[in-house]
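The structure appears below as structure tokens.
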Number of protein chains: 2
Amino acid sequence: MGTSRTGAAGAASRISVSRTGRSAPAPRTGRKTPLSVVQPKSLPLNEILLGDCIANLEKLPPESVDVVFADPPYNLQLEQALTRPDQSLVDAVDDDWDKFASFADYDAFTRAWLSAVRRVMKKNATLWVIGSYHNIFRVGAALQDLDFWILNDIVWRKANPMPNFKGRRFTNAHETMIWASRGADSKGYTFHYDALKAGNEDVQMRSDWFIPICTGDERLKDENGRKVHPTQKPEALLARVLLSSSNPGDVVLDPFFGSGTTGAVAKLLGRNFIGLERDPTYAKAARKRIDAVVPLDDASVSAPPEKRTEVRVPFLSLIEGGYVKAGETLVDERRRHKAVVRADGTLALGPIVGSIHKIGALTQGFPSCNGWTFWNVERDGKLISIDEFRTKVRAEMAA
Amino acid sequence: MGTSRTGAAGAASRISVSRTGRSAPAPRTGRKTPLSVVQPKSLPLNEILLGDCIANLEKLPPESVDVVFADPPYNLQLEQALTRPDQSLVDAVDDDWDKFASFADYDAFTRAWLSAVRRVMKKNATLWVIGSYHNIFRVGAALQDLDFWILNDIVWRKANPMPNFKGRRFTNAHETMIWASRGADSKGYTFHYDALKAGNEDVQMRSDWFIPICTGDERLKDENGRKVHPTQKPEALLARVLLSSSNPGDVVLDPFFGSGTTGAVAKLLGRNFIGLERDPTYAKAARKRIDAVVPLDDASVSAPPEKRTEVRVPFLSLIEGGYVKAGETLVDERRRHKAVVRADGTLALGPIVGSIHKIGALTQGFPSCNGWTFWNVERDGKLISIDEFRTKVRAEMAA
DNA sequence: TCAAGGCTTGAATCGGCTC
DNA sequence: GGAGCCGATTCAAGCCTTG
């Protein structure tokens, strides 16, 4: 999320963020409450430290933070401009802070900041790192080599990802977060299992989270209406991270603070934060943003209800679920039209292949057709709408 | 999926799987059709090679396979037995083949088999590897170090994952697959974009797949009713993998064949397979399983024609076919741009002459333009896209 | 004031054949 | 191998304009 990578290792500037009425840090409510709940005096709580991330980490006292959220550069390695089908240019992440000469360089950078972060983590602290396939494998391997203990990998499924414009790959619709404790012996980490379950229709929270990307009013803009930061993360993502793995009053460290999402959500949820950021423009925008946050009541700092929308079911899932078989014949309600199911989830009408909707429309000579309600299969002499199977698949997906 | 790791490097036994009525491998239908569609004589098609995976890989001819699906040991590092809330014992993966002394050992193993696999991949072959957070980060980093080029990471979201019994983590509800080409210059890989889109409600297939785990009749059991293999993958998963990234007649290699899901689905979908497996019990069960598979009709498994491989039609053919007349005016959909048709199949924009694409780009000020979908002619007061005429010309050419 | 439709945009390793 | 050219390619949200 930030750029605190290559700055000078000199003395850090501090940007203090206005306090919020909340006074001293609240005591941790996790089970293994430490003897002293007061943070070390030198801990710069609710401040943004300007300067090199590793140099600043080295100035913090050891074993002093409860949770770390890190959104490091992804090392995207883009080589050419990309245009949408309408010929508009995609605004790529081409900032200097995301450029590395080689994988070896990126690995060295990764191991350096991870080591520095590990030193300031309390024994039962946990670390979150987010990334994409460009960097997450290197980050994960480095974590393991440095004796972090991976607890989960979490998939952030984007509600509205950028499409694959050239049609040469699958839509890159998710990013990956790794959640790790400081070591295999750090068994007392915070995890609000019951709260998450209660907020998730009374079933355990899974490792795949469906959350929209950051847009609209939440997205920080400068005076010219341009986005302040190219990769601002949604607050909903950070909220779930902090609600699941931290307590009110905890210290949350973000070594790549960027636009300050971690700080804004920490303040909202009654956590303390420490932000490290190299770029003064980002830090200034983050401070302004955080100052405007009004913390929630202590009582309401619990898991927010999930919003549910009806999920789109690929017809292919009906084949995969065993409801419909490749090679069998679909018919309409009056058995006037037929089409054959193909293994890839398309239908064949003689030589013509298309979706259940396209073929449904074609066989009737209509411009469009809802294939779900048009097509049926025969089971024990009776016709069953494929829409019934879709309902069942949806139920399975929700379970 | 299998165990072909530590076996002796001696001569491989071959377990031949009965052929299926399907005779010689069908020619690839991808664009870069090789001069010879016959596989090298020494390629052991539709066989399971017993023995050490790397030793067997080294015996295969170079650049001979089209797709690789690999389900290597996960290196789970389980330290104690796990019980459910009702105190029943969870049947964990505790086989010898999943035990490694250290991450360094696992890395060495990973790099060895990946290198051996890369040698037998054709230039435009792609590789799929599946894993969990225990091993996938190491695999991904090794892939990148060996110059594979990652195309996507795919999340297999399990419909029915095992819950987290102790309530100390998120339900581990997914596994990760990495899809990679042999190198950054391997641009001609197979990807059935249109078929996947048509089978997915006419929107692009995303990187997160929702598929049930392997249960019920699909799960191989021995005579005592115990599962044959601890990590048998669902056929639906392999089906989507092969339908998206291979053609009928292709050679699919699985270096950790295990219970033979890759072979069973390859046969079902008219692909050839090569399976490597160290454990004779697994290989025997796989052979029996594959022998029972009845392949689908060719018509159900072939990929529908991709739009980008359709016959190229010169614009001049529209004039020759009488659909468009020399001297008439083409306009865009909103009648903002105009150009005049010349007798040689070019367009004139004032003094400038060029192709339908060039002139379309020029008049809009874009770097490029698809003239077929941009330009229209007026007929009886209505605009008709010249692309409709192209469709008619194509139909005439096919007739 | 509202509804409908247009425009913009998002961490992206994004074409392929012929000459 | 490089240049030139044909022509294929996007989904969901949110904001804004238009009627």
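Excluded from the calculations below are hydrogen atoms, water molecules and symmetry mates; all remaining heavy atoms, backbone and side chain alike, are included. Below, read A as the first sequence line, B as the second, and so on, with proteins coming before strands; counting in each chain starts at 1. Remember, it's a predicted structure, so these values are computed and weren't measured experimentally.
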D/dC6 C1' sits how many Å from B/Ile356 CD1, rounded?
9 Å
To the side chain of B/Val203, which of D/dA12, D/dA8, C/dA12 is closest?
D/dA12
Please tell me which of the listed nucleotides, C/dG10, C/dA11, D/dC15, lies nearest to the side chain of A/Asp217?
D/dC15
Taking only N and O in the side chain of A/Asn160, is any of them less than 4.0 Å away from OP1 or OP2 of C/dG10?
no
Starting at the 5' end of DNA chain C and moving along, which residue's nearest nucleotide shows up first, A/Ser88 or A/Gly167?
A/Ser88
Considering only NZ, NE, NH1 and NH2 on the basic side and carboxylate oxygens on the acidic side, decide whether B/Arg206 and B/Asp208 come within less than 4.0 Å.
yes
Between B/Asp145 and B/Arg111, does any NZ, NE, NH1 or NH2 come within less than 4.0 Å of an OD or OE carboxylate oxygen?
yes
Does D/dC6 pair with anything, Watson-Crick or G-U wobble, both distances under 3.5 Å, and if so, with which nucleotide?
C/dG15
Looking only at side-chain N and O atoms, does A/Lys158 come under 4.0 Å of OP1 or OP2 in D/dA12?
no
Which residue, A/Tyr74 or A/Lys166, contacts DNA chain C at a nucleotide closer to its 5' end, judged by nearest heavy atom?
A/Tyr74
Considering only heavy side-chain atoms of A/Asn172, the closest of C/dA12, C/dA11, C/dC14 is C/dA12
Whole Å only: how far is the CD atom of A/Glu79 from the P atom of C/dA12?
16 Å
Hey, does the side chain of B/Asn376 reach the backbone of B/Val331 with a donor-acceptor pair shorter than 3.5 angstrom?
yes
Between C/dA12, C/dG15, D/dC6, which nucleotide has the shortest distance from any of its atoms to the side chain of A/Leu78?
C/dA12
Nucleotide of C/dA12, D/dT9, D/dC6 approaching A/Val90 most closely (side-chain heavy atoms):
C/dA12
Between D/dC6 and C/dC14, how far apart are the P atoms? Round to whole Å, please.
24 Å
Would you say B/Tyr193 places a side-chain N or O within less than 4.0 Å of OP1 or OP2 belonging to D/dT10?
yes
Provide the distance between the two P atoms, one in D/dA8 and one in C/dG10, to the nearest whole Å.
28 Å
So does A/Lys233 reach the base of C/dA11 with its side chain, donor to acceptor, closer than 3.5 Å?
yes
Ignoring the backbone of A/Arg84, work out which of C/dG10, C/dA12, C/dC14 is nearest its side chain.
C/dG10
Counting only Watson-Crick or G-U wobble pairs whose two distances fall under 3.5 Å, which nucleotide matches C/dC2?
D/dG19
Contact under 4.0 Å: B/Arg312 side-chain N or O vs C/dT18 OP1/OP2:
no
Hey, does the side-chain of A/Arg168 have a donor or acceptor N/O within less than 3.5 Å of a partner on the base of C/dG16?
no
Over 12 foreign heavy atoms within 6.0 Å of CG, A/Asp217
no
Looking only at side-chain N and O atoms, does A/Gln80 come under 4.0 Å of OP1 or OP2 in C/dG15?
yes
So, is B/Arg308 close to the C/dC14 phosphate, meaning a side-chain N or O under 4.0 Å from OP1 or OP2?
no
B/Ser355 side-chain N/O to D/dC6 phosphate OP1/OP2 under 4.0 Å
yes
Please test B/Trp156 against B/Phe210 for ring-ring contact (aromatic ring centres under 6.0 Å, His included), starting from the C-alpha separation and ending with a verdict.
CA-CA 6 Å; B/Trp156 169 30; B/Phe210 185 81; over 10 Å; no
Would you indicate, yes or no, if D/dG7 has its OP1 or OP2 atom less than 4.0 angstrom from a side-chain nitrogen or oxygen of B/His357?
yes
Quick one: do B/Trp179 and B/Tyr189 satisfy ring-ring contact (aromatic ring centres under 6.0 Å, His included)? Show the steps, please.
CA-CA 11 Å; B/Trp179 182 43; B/Tyr189 59 87; 5.5 Å; yes
